[in-house]
Amino acid sequence: GEVVKGFGRGSKELGIPTANFSEQVVESFPSDISTGIYYGWACVGNGDVHKMVLSIGWNPFYKNIKKSVETHIIHTFKEDFYGEILSIVIIGYIRPEKNFDSLEALISAIQEDIEEAKRQLDLPEHLKLKEDNFFHLPEGKIVNNH
C-alpha cells in the first residue's frame, strides 16, 4: 500500500522511523492477525528489498484509538518516501504488543525487536524469501486489491 504520514513519533521521539499504511490498507489486513511485533522483508517502490520490523496494533504506550500498521525498514534512506508503494512480506512473530513504563523502555524493546528480526532474517529459510517474485511484480499489477 501507499506510505502515508503517521503520527510523526517514530523519527522524532523514538529515533526509529516508520512507514505507515493508510487506514484502508490497515482495515484490509486479515482480522485474525494478532496484534504485536513481526519481522519480514520490505521494498519501497521498485527499490531494493530490506529487512524490516512491523508493529500491528494500537500502540498502548501512545493509547491510539485506531489500529495502525507501522513498518521500520532496517535501512537508512536519504529522504522520505511518502506516496510510494511499500510492499511487505511478514515472515514471523516476535512478541505481543504491550505498554511500557517509559519512553526509554519502549525504545529498548524496539531495539531488541530489531536485533531479533536481523537474526531471524539471516536464517537460510528466511533469506530466500528476500528474492521472492512478489517484490518484482510488473508495473501496475494489483495485489490484494491494492
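Positions are given from 1 along the sequence. Note that these values count all heavy atoms, side chains included, but never hydrogens, waters or copies made by symmetry.
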Close side-chain approach of [X] to [Y], heavy-atom, < 4.5 Å:
X     : Y      : result
Leu14 : Leu106 : yes
Val49 : Val89  : no
Ile56 : Lys67  : yes

Hey, could you give me the [atom1]/[atom2] distance between [X] and [Y], rounded to the nearest 0.5 Å?
X      : Y     : atom1 : atom2 : value
Ile33  : Ile90 : CD1   : CD1   : 5.0 Å
Thr18  : His72 : OG1   : NE2   : 9.0 Å
Asn46  : Glu84 : CG    : CD    : 8.5 Å
Leu127 : Ile91 : CG    : CD1   : 9.0 Å

If you group Ile, Leu, Val, Met, Phe, Trp and Tyr by side-chain heavy-atom gaps below 4.5 Å, do [X] and [Y] land in one group?
X      : Y      : value
Trp41  : Ile85  : no
Leu123 : Ile74  : no
Leu129 : Phe134 : yes
Val4   : Val26  : no

Quiz item: Partners of Asp122 by side-chain hydrogen bond (donor to acceptor under 3.5 Å, both in side chains), sequence neighbours excluded?
Solution: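 Only Lys51 meet the side-chain hydrogen bond (donor to acceptor under 3.5 Å, both in side chains) criterion with Asp122.
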Practice problem: Under the side-chain hydrogen bond (donor to acceptor under 3.5 Å, both in side chains) rule, collect the residues that match up with Ser22, sequence neighbours excluded. | Solution: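 For Ser22, the residues satisfying side-chain hydrogen bond (donor to acceptor under 3.5 Å, both in side chains) (neighbours in sequence not counted) are Gln24.
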Under the ring-ring contact (aromatic ring centres under 6.0 Å, His included) test, which residues partner [X], sequence neighbours left out?
X     : result
Tyr82 : none
Phe77 : His50, His75, Phe81
Tyr38 : Tyr93

Tell me the closest heavy-atom pair linking [X] and [Y], and the distance in Å.
X      : Y     : answer
Ala19  : Val3  : CB-CG1, 4.0 Å
Ile88  : Ala42 : CG2-CB, 4.0 Å
Phe135 : Cys43 : CD2-CB, 3.4 Å

Check residues 112-121 and write down every donor-acceptor pair under 3.5 Å in which the side-chain atom is one partner and the other belongs to a residue at least two apart or another chain.
residue	atom	partner	partner atom	Å
Asp113	OD1	Arg95	NE	3.0
Asp113	OD2	Arg95	NE	3.1
Asp113	OD2	Arg95	NH2	2.8
Glu115	OE2	Lys118	NZ	3.3
Glu116	OE1	Arg119	NE	3.3
Glu116	OE1	Arg119	NH2	2.7
Glu116	OE2	Gln120	NE2	3.0
Gln120	OE1	Tyr39	OH	3.3

Exercise. Check whether any side-chain N or O of Ser108 sits under 3.5 Å from a backbone N or O of Ala105 as a donor-acceptor pair, and report yes or no.
Key: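 Checked: no pair found.
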Quiz item: Ser55 pairs by side chain to side chain contact (heavy atoms under 4.5 Å, CB included) with which of Val69, Ile37, Thr71?
Solution: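 The residue from Val69, Ile37, Thr71 that satisfies side chain to side chain contact (heavy atoms under 4.5 Å, CB included) with Ser55 turns out to be Ile37.
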